[in-house]
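Below you'll find the structure, written out as structure tokens, and then a few comments.
Just so it is clear, the structure is predicted and the values come from calculations on it, not from any experiment. We're numbering straight along the sequence, starting at 1.
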Amino acid sequence: MTNATAEREYIFNLETGKIELHFDKAEYMALSQEQKSLIKSNFLFSKYSSAWVSRCKEPNLYRARKVAEQLGFTQEQRTGERLTFAEQVERQVERAERRAERFE
């Protein structure tokens, strides 16, 4: 898949600090093996958001943005609200507690 004529947008989620790539399965299957491996090395598929979500968070998004650009995602769309530091820590604690409960 080469750069499409219409400019595509990737989503920068301010709440999580990650990049999301949204495209359907047919588009993904049409990609070359090299492009698929690029996606898999920099993104994880999230069933929750039905998108490829970057493995890294802000401020370490340089490589994820470059991969998105190579795939034709040239515009950035920002969604969500940036969380305060206290809210970020609270979320981490909640996630750790849920993880601990699952392992018990």
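Side-chain contact check for Thr84 versus Glu87: some heavy-atom pair is nearer than 4.5 Å. Counting heavy atoms from C-beta outward, Val53 and Phe45 have side chains that stay 4.5 Å or more apart. Inter-residue side-chain proximity for Gln70 and Leu38 is flagged as met; some heavy-atom pair is nearer than 4.5 Å.
Between the OH atom in Tyr10 and the CZ atom in Phe43 there is a gap of 9.0 Å [rounded to 0.5 Å]. Rounded to the nearest 0.5 angstrom, Phe73 CZ and Glu20 CD are separated by 11.5 Å. Here Gln35 contributes atom CD and Tyr28 contributes atom OH; the two are 10.5 Å apart, rounded to the nearest 0.5 Å.
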Worksheet item: Can you check side chain to side chain contact (heavy atoms under 4.5 Å, CB included) on Arg8 and Thr74, steps first, answer last?
Response: CA-CA 6 Å; Arg8 298 176 67 187; Thr74 56; 5.9 Å; no

Practice prompt. Could you check Glu81 against Leu14 for side chain to side chain contact (heavy atoms under 4.5 Å, CB included), going step by step and ending with a plain yes or no?
Written response: CA-CA 5 Å; Glu81 292 184 21; Leu14 294 171; 6.0 Å; no

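Listed by chain and residue number, Glu76 satisfy the side chain to side chain donor-acceptor pair (under 3.5 Å) test with Arg78 (two or more places apart in sequence, or in another chain). Residues that satisfy the side chain to side chain contact (heavy atoms under 4.5 Å, CB included) test with Ser41, not counting sequence neighbours, are absent from this structure. Applying the side chain to side chain contact (heavy atoms under 4.5 Å, CB included) test to Gln33 and every residue at least two apart in sequence or in another chain returns Lys36. Residues meeting the salt bridge (Lys or Arg N to Asp or Glu O under 4.0 Å) test with Arg91, sequence neighbours left out: Glu15. Annotation: side chain to side chain donor-acceptor pair (under 3.5 Å) contacts of Asn42 (sequence neighbours excluded): none. The side chain to side chain contact (heavy atoms under 4.5 Å, CB included) test applied to Thr79 returns Ile11, Asn13, Gln77, not counting sequence neighbours.
Criterion: ILVMFWY side-chain heavy atoms under 4.5 Å apart, direct or through other members. Under it, Leu44 and Ile39 are not part of a common hydrophobic cluster. At a threshold of 4.5 Å between side-chain heavy atoms, the hydrophobic network of Ile, Leu, Val, Met, Phe, Trp and Tyr places Leu83 and Leu61 in two separate groups.
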Please output the side-chain donor-acceptor pairs of residues 94-103 that fall under 3.5 Å, not counting sequence neighbours, one pair per line with the distance.
none

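Pairs engaging residues 48-64 under the side chain to side chain donor-acceptor pair (under 3.5 Å) rule: Ser46-Ser49, Glu58-Arg82 [sequence neighbours left out].
The two residues His22 and Ala51 come nearest to each other via the heavy atoms CE1-CB, 3.3 Å.
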